[in-house]
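Note on naming: letters A, B, ... go to the chains in the order of the sequence lines (proteins, then strands), and numbering restarts at 1 for each one. Computed from a prediction, not measured in an experiment: that's the story for all the values here.
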Amino acid sequence: MRPAIFSFCSDPASLDTVRWLTCYLSTGKHMAFYMSFATVLLLLAITAPLALAFGFGGAIAARAQFAPLAWLGKGYIAIVRGVPDIAFFLFFVIALDQGVEWLRHQVKCPDWDEPIRQGNDFIVCSVAKMPLNSAPQWMHEIYGFTLAVLTFAIVFGAFAANVLYGAMRAVPRAQVETAEAYGMNRHQSFWRVLVPQMWLYALPGLSNLWMVLIKATPLLFLLGVEDIVYWARELGGSKTPQFTDYPHPDWRMWYFLALLIFYLAFTKLSEVVLDRITRRLSYGQATVAGAAQRKGRGKGPGTGSGNEKTEGTPA
Amino acid sequence: MTCLETLQAYAFRSLGYGERLLPRSDFTLCDQFVLIGSGLLWNIYFGLLAIVAGFFFANALAVAKTSARPWLRRPANGFIFVFRGSPLFIQFFFAYFLFLSLKSVSPVFNLLSSAWMGALIVLFLNTSAYSAQIFYGALCSIPKGDIEAADAYGMSGWVRFRRIMWPTAMRLAWPAYTNEAIFLFHATTLVFFSGFPAWRQQGDALYYANYFADKTFNPFVPYPILAFYFILLTLVVITVFGGINSYLNRHLPRDRRQKVKVRPQLIR
């Protein structure tokens, strides 16, 4: 038994409601539950830039003059359309895992002569296992988390690529023409003129994507990471006095209500912050929002037509 | 088994007809195609009913949201915020456990904890909130001239809404609403991964695809099959909604008609 944080927690059965709850909510397992919120935030913090990088690569590939590369980029963007996203999550986790093990197998056991797929089994030599069977538990957890991050980045990268590709095309053509008139080559005009200007056009789509990314984090549970959904199910289930000092009936509903409130607060906060960033970026720009700010009547973007707004606002 | 026998045994397995046991070994391509296709029936069931029922509720919500009366506007705003601001996955979990505790209060609620009823309710409420936001945006962007013309003709109140505002709003909202319908069909795959039990292994397309991937440890066959089915389903949705869209736009000159564009939006 872990030592309790509060001294009065030694005999939970004799406590009144408030103290009992204090003790209950500070057990070791609850600490793990609170830590899993950090896991979610960590996932967001790593995935967002990584997905942006994937998206940037995809958008550049889709714009490439070399046709096969352009097909690759466009295919990457298009393949996520029409297929439920959760299928991608379930698919990529196994596919990536097997891909890594297959590569290690090719490198480490070159003289292995049996086929890798035998009936329903996927067999690689034991030194190619990832992580190794002898590895400590935390290695397995880190590996699982890394796979999850990669999966998220691949799927959301396709969406970011779609947004960035559109944003690059939204930059007025005259800007690039001016750059060419100054004697910049394709490379220079891309990096010095197009890229700095495209962010404003990409922002509505990217902020939308951020909101969607937040709401995709509970799917970590499906990827086998011990996230908030896992702990909410684990802790909420009814407990009998035999196994715990804090017996209670089925409380999973309340745990998920807490998660619901957490996500609502998080999306609300993001909405406010993103609104501010958009307003700041529109300042002085030659767009409707920028012009409205100059006249001193606008509150920034969102005064456009209804269709744009409904599609631009977070899903 | 030949493929025809498989078809007979498993075509309606997801609804409980045909062979009781799922295939356990020697999975053929035919097995996977038939069973995953069988599961797709559930996706169609959830998506279709939620879209149809949600359409009416979403219209009511959108009108309530534009209302000047706070007692109408505030609840609509709150409802839309709650369902749009939180992940559908968590909504499913919460609803399932809520229905479970209701069940222990009274047997009246027994039906709610089964997937076909409970998940449908969640999907209905969820799509209502998303669609209401789309319709609200459309109601706000009806050209001022249209309303003024209606006023000039002496229309007001319900008549003006029914003849002028509502058809225009639907026309403006339709491209975005088409996307919403597509995402709703995609979202139906979450049902059996979020608490709701698949009774006697009667699950949806993803449930069976996952079953095969688990058994064969080979994701490269079942998931592409699933993708194939969903691309077909998406094409059907686009065709149907595109037809309605051109009906709604029939009075406009060709170059002013709005086209339906697929804008994927991923998880809700």
Side-chain angles (χ1 to χ4, degrees), chain A residues 79-88 90-95 98 117 119-122 155-156 158-159 162 208-209 212-219 221-222 229 232-233 236 250 252-257 259-261 263-264 266-268 271 304-311 313-315, chain B residues 25 27 81-82 84-91 93-94 97-98 100-101 104 130 133-134 136-142 169 172-173 175-176 179 182-183 185-190 193 195 206 209-210 213 215-220 223 226-227 230-231 234-235 258 262-268:
Chain A
I79 204 139
V80 194
R81 298 181 175 194
V83 181
D85 10 277
I86 161 182
F88 277 101
L90 293 177
F91 170 77
F92 272 123
V93 166
I94 315 182
Q98 292 188 352
R117 285 201 187 281
N120 293 336
D121 289 321
F122 178 83
V155 174
F156 280 90
F159 284 80
N162 196 19
N208 190 10
L209 207 59
V212 180
L213 184 62
I214 292 175
K215 285 187 273 170
T217 49
L219 296 181
F221 169 68
L222 295 178
V229 177
R233 274 164 56 110
D250 190 346
R252 283 177 291 188
M253 184 178 118
W254 303 111
Y255 277 89
F256 278 100
L257 186 65
L259 292 194
L260 211 65
I261 292 168
Y263 276 107
L264 283 176
F266 198 16
T267 44
K268 189 77 195 169
E271 216 171 71
S305 78
N307 262 330
E308 282 307 310
K309 186 167 176 9
T310 47
E311 288 185 8
T313 43
Chain B
S25 56
F27 305 95
F81 172 66
V82 167
R84 278 169 46 99
S86 59
L88 179 63
F89 198 52
I90 302 285
Q91 290 168 20
F93 269 116
F94 173 66
F97 294 124
L98 175 73
L100 271 192
S101 24
S104 61
Y130 279 91
Q133 184 68 20
I134 294 171
Y136 168 75
L139 280 173
C140 290
S141 57
I142 296 173
L172 294 175
N179 284 321
I182 294 170
F183 305 137
F185 275 105
H186 289 186
T188 56
T189 50
L190 280 172
F193 287 87
L206 187 64
N210 188 47
K215 291 279 178 210
T216 60
F217 209 58
N218 179 3
F220 297 97
Y223 289 122
L226 178 83
F230 265 93
I231 287 169
T234 307
L235 288 178
Q258 292 190 21
V262 181
R263 292 193 188 166
Q265 215 157 29
L266 222 72
I267 297 110
R268 37 245 241 101

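Between the side chain of A:T267 and the backbone N or O of B:G85 there is at least one donor-acceptor pair closer than 3.5 Å.
Heavy atoms closer than 4.5 Å to chain B are found in both the backbone and the side chain of A:L264. Heavy atoms closer than 4.5 Å to chain A are found nowhere in B:I142, neither backbone nor side chain. Contact annotation for B:Y223: only side-chain heavy atoms (C-beta onward) come within less than 4.5 Å of a heavy atom of chain A. Looking at B:F81, both its backbone and its side chain come within 4.5 Å of chain A, counting heavy atoms on both sides. Proximity to chain A involves both the backbone and the side chain of B:I90, based on heavy atoms less than 4.5 angstrom apart. Looking at B:S101, the atoms closer than 4.5 Å to chain A (heavy atoms on both sides) all sit in the side chain, from C-beta outward.
Between A:R252 and B:F93, every side-chain heavy-atom pair lies at or beyond the 4.5 Å cut-off. Residues B:F220 and A:F91 form a side-chain contact, since some pair of their non-hydrogen atoms from C-beta on lies under 4.5 Å apart. Taking the side chain as every heavy atom from C-beta outward, B:F89 and A:F221 approach each other to under 4.5 Å.
When all heavy atoms are compared, the tightest approach of B:L226 to A:A87 is CD2-CB, 3.4 Å.
Applying the side chain to side chain donor-acceptor pair (under 3.5 Å) rule to A:Y263 yields the partners A:T217; only residues at least two apart in sequence or on another chain are considered. Residues satisfying the side chain to side chain contact (heavy atoms under 4.5 Å, CB included) criterion with B:T188, sequence neighbours excluded, are B:N43, B:F46, B:L123.
No option in A:Y255, A:W254, A:F256 other than A:F256 meets the side-chain contact (heavy atoms from CB on, under 4.5 Å) test with B:F97.
Annotation: maximal heavy-atom pairing with chain B below 4.5 Å, among A:L257, A:L209, A:L90, occurs at A:L90.
For the atom pair A:I94 CD1 and B:T216 OG1, the distance stands at 8.0 Å (nearest 0.5 Å).
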